[in-house]
Number of protein chains: 2
Amino acid sequence: MDDQLSRVFAALADPTRRDMVARLTEADATVGELAAPYDVSVQAVSKHLKVLEEAGLVTRSRDAQRRPVHLEAEVFDLMTKWIERYRRRAEERYQRLDAVLAAMQEKESPARGTSTKEGPAS
Amino acid sequence: MDDQLSRVFAALADPTRRDMVARLTEADATVGELAAPYDVSVQAVSKHLKVLEEAGLVTRSRDAQRRPVHLEAEVFDLMTKWIERYRRRAEERYQRLDAVLAAMQEKESPARGTSTKEGPAS
DNA sequence: ACCTTCTTCAACTGATTGGTTGAATAACCG
DNA sequence: CGGTTATTCAACCAATCAGTTGAAGAAGGT
């Protein structure tokens, strides 16, 4: 797993990390703040953040001892682009398939209302 | 990792699986056909398909000895919904932030470009 | 029936993951 | 300087993952 798209998908495959991302859409937060609601150690959350950071989903700055975490929402576009691209292709294919089926209907229906489709000449 | 959203993200975190999904947008395919381009055993591809299937991304039917794999593109919507939801929230937040910054600019701008951040009132 | 084709199941392996605890680092507060 | 707070690093562990090989199932072809 080395490309960014893979890292982003993998990062969001974990419910805890998704929840952190969700909360970060509301406000930046420190590691400690992020860790508070979960029943795991701060270190574990720190590791989760590292995953999100390596995926490019968050960045961290420095404020005294704190390391505020900031969401980088642009990375979402990477996924959206991939998803939409292939969903569109899939949908186009369904349309082609529909056309083929319609053609078959027409051809192989030598008179006779063969159930559903009516395909009267046109 | 037990909810479907997690499974879908996890499934797509693998480049091989993404590529399989991409190819399935063009046409249904058998396990063997799907395996052909990759430098791994057919069994490995069969496992990948199981992951995609458990994520709800593909279904399999039966055609003689073959098990044609079919893409179920609707599941994409699950991800798109999640992503868009939080991206929208993040964007709204940026707008709020912009407003706040603009307000601060106006208020605290008695001369002085103090570059970075500055504790107001301190 | 046999044989071939396509696919999956089972067992094993090495790498990665998500968690732990304990020690180290970084920066502030007196 | 010493102490406190926030965070990370390091080592370890159990579970999962992605791959392997070998055997078993399932369905047709002859």
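Everything numeric here is computed off the predicted structure, so don't read it as measured data. The chains referred to below are lettered A, B, ... by the order of the sequence lines, with proteins before strands, and numbering in each begins at 1.
- Counting to the nearest Å, the P atom of C:dG18 and the CG atom of A:D19 are 15 Å from each other.
- The two residues A:A35 and A:V42 make their nearest non-hydrogen contact at CB-CG2, 4.0 Å.
- No donor-acceptor pair closer than 3.5 Å links the side chain of A:R7 to the backbone N or O of A:F9.
- Along DNA chain C, the nucleotide closest to A:K47 and the one closest to B:G32 are compared, and the more 5′ of them pairs with B:G32.
- Checked against C:dT20, D:dA27, D:dT21, the side chain of B:A64 finds its nearest nucleotide in D:dA27.
- Of the side-chain N and O atoms in A:R62, none sit less than 4.0 angstrom from OP1 or OP2 of D:dA6.
- For B:E54 and D:dA18, the CD to C1' distance is 14 Å, given to the nearest whole Å.
- Of the candidate nucleotides C:dG19, D:dA18, D:dA26, D:dA18 has the atom nearest to the side chain of B:D14.
- When the side-chain nitrogen and oxygen atoms of A:R66 are compared with OP1 and OP2 of D:dT5, none of them lie within a distance under 4.0 Å.
- Between the A:T80 side chain and the A:F76 main chain, a donor and an acceptor come within less than 3.5 Å of each other.
- For B:S41, no side-chain nitrogen or oxygen approaches OP1 or OP2 of D:dT21 to under 4.0 Å.
- Within the structure, every side-chain polar atom (N or O) of A:H48 is placed at least 4.0 Å from both OP1 and OP2 of C:dT17.
- The CG-C1' distance, from B:L49 to C:dC6, rounds to 13 Å in whole Å.
- Rounded to 10 degrees, the angle separating the terminal helix axes of the helix from C:dA1-D:dT30 to C:dG30-D:dC1, each built from five base pairs, is 10°.
- In this structure, B:R60 does not reach the C:dT7 phosphate: none of its side-chain N or O atoms is under 4.0 Å from OP1 or OP2.
- Rounded to an integer number of Å, the gap from A:Y38 OH to C:dG19 P is 11 Å.
- For A:V42 and A:Q65, each mapped to the nucleotide of DNA chain C holding its nearest heavy atom, the one lying further toward the 5' end belongs to A:V42.
- For a distance-only test at 3.5 Å, the side chain of B:Q43 qualifies as a donor-acceptor partner of the base of D:dG22.
- When atom types are taken as modelled, the side chain of A:R23 and the backbone of A:L34 share a donor-acceptor pair closer than 3.5 angstrom.
- Considering every non-hydrogen atom in both B:L78 and B:Q4, the closest pair reads CD1-OE1, 4.0 Å.
- Within the nucleic acid shown, A:T16 has no heavy atom closer than 4.0 Å to any nucleic acid atom.
- When all heavy atoms are compared, the tightest approach of B:T16 to B:Y38 is O-OH, 3.9 Å.
- Atom CD in A:E33 sits roughly 10 Å away from atom P in D:dA6 (whole-Å rounding).
- When distances run from any side-chain atom of B:V31 to the nucleotides C:dA27, D:dA27, C:dT7, the shortest one goes to C:dT7.
- At least one side-chain nitrogen or oxygen of B:S46 sits closer than 4.0 Å to the OP1 or OP2 atom of C:dT8.
- Using a distance-only test at 3.5 Å, with no hydrogens or angles considered, a donor-acceptor pair links the side chain of A:R67 to the main chain of A:S61.
- Around the CG atom of A:D39, the shell of radius 6.0 Å holds no more than 12 heavy atoms that belong to other residues, nucleotides or ligands.
- Of the candidates D:dT7, C:dG18, D:dT20, D:dT7 carries the atom nearest the A:R67 side chain, counting heavy atoms from C-beta on.
- Computed from coordinates, the A:E53 CD to D:dC9 P distance equals 10 Å when rounded to whole Å.
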